[in-house]
Asker: 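Handing you a structure now.
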Amino acid sequence: MSKILVLNGPNLNLLGQREPELYGRTTLAEIEGMVRDAARSLGAEIDWFQTNHEGALVDAVQALRGRADGALINAAALTHTSLGLRDALLAVRIPFVELHLSNIFAREPERHHSVLADLAVGLVTGFGAQSYLLALEGLVRRLRATAG
Ligand code: DQA
């Protein structure tokens with residue numbers, strides 16, 4: 001069974017109330033429930049984590065080594081800035097899918113660049129809460145395809 005960590009960055013704890021026209025009305029707890037249900041039918045095990053702190057996200061990535069087969073990462077605003085998070089992903093070298101609820105390429109120019117994307121297996125952006133499910137399916141298929 002694949003073990004997958006889902007990492008959520010700053011302000012995603014406010015989903016449901018925060019700019020619903022951009023991010024929808026589904027709360028992070030509801031998304032967690034959807035991802036856990038989907039993971040069960042895909043035969044994957046989920047660990048779920050949200051933090052507003054860059055260092056805590058770096059710690060969570062460092063802790064992945066030997067503990068998870070892959071990760072889904074919505075680093076939120078840190079996507080666009082955090083070389084610390086990029087370095088942690090380079091150090092740990094775990095397969096991950098970068099995901100976003102909104103289409104970052106259809107937004108302000110400063111959101112068009114991700115400092116993580118070239119390290120990712122792939123990117124899912126713009127499908128609202130469904131981005132989590134699409135990213136999960138993509139990652140599980142990739143892990144199966146590359147499993148010994
Ligand atoms: C986001 C996009 C980021 O640019 C933004 O800072 C977020 C959420 C998304 O899921 O669409 O907080 O990662």
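For ligands, and for the atoms within them, numbers begin at 1 and follow the listed sequence.
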Asker: Looking only at distances, can you tell me whether any N or O atom of Ala77, backbone or side chain, sits closer than 3.5 Å to an N or O atom of ligand 1?
Answerer: yes
Asker: Would you say that Phe49 contacts Asp59 through its side chain, given a criterion of any heavy-atom pair below 4.5 Å between the two side chains?
Answerer: no
Asker: Is there a donor-acceptor contact under 3.5 Å from the side chain of Gln50 to the main chain of Gly9?
Answerer: yes
Asker: Verify, without hydrogens or angle tests, whether Asn74 (side chain) and His100 (backbone) share a donor-acceptor contact under 3.5 angstrom.
Answerer: no
Asker: Got a sec, which pairs hit side chain to side chain donor-acceptor pair (under 3.5 Å) with one end in residues 60-72, sequence neighbours left out?
Answerer: none
Asker: Please write down residue, atom name and distance for the protein heavy atom closest to atom 7 (C) of ligand 1.
Answerer: Tyr23 OH, 3.5 Å
Asker: Just need the protein heavy atom nearest to atom 11 (O) of ligand 1, so name the residue and atom and give the distance.
Answerer: Ser102 OG, 2.6 Å
Asker: Would you say the side-chain atoms of His112 pair up with the backbone N or O of Arg107, donor to acceptor, closer than 3.5 Å?
Answerer: yes
Asker: Is any N or O atom of Leu12, backbone or side chain, closer than 3.5 Å to an N or O atom of ligand 1?
Answerer: no
Asker: Would you mind reporting whether Arg142 and Val97 have side-chain heavy atoms less than 4.5 Å apart?
Answerer: no
Asker: Name all residues meeting the side-chain contact (heavy atoms from CB on, under 4.5 Å) criterion together with Glu137; count only those two or more places apart in sequence or in a different chain, and write none if there are none.
Answerer: Arg141
Asker: So which protein heavy atom does atom 4 (O) of ligand 1 come closest to, and at what separation?
Answerer: His80 NE2, 2.7 Å
Asker: Check contact between Asn74 and ligand 1, using heavy atoms of the residue and a distance below 4.0 angstrom.
Answerer: yes
Asker: When you compare ligand 1 with Arg18, is there at least one nitrogen or oxygen pair between them that comes in under 3.5 angstrom?
Answerer: yes
Asker: Atoms of ligand 1 less than 4.0 Å from Arg111 heavy atoms?
Answerer: 3 (C), 4 (O), 5 (C), 6 (O)
Asker: Suppose we measure from atom 9 (C) of ligand 1 to each protein heavy atom; which comes out shortest, and what is that distance?
Answerer: Leu101 N, 3.4 Å
Asker: Report the nearest protein non-hydrogen atom to atom 1 (C) of ligand 1: residue, atom name, distance rounded to 0.1 Å.
Answerer: His100 ND1, 3.7 Å
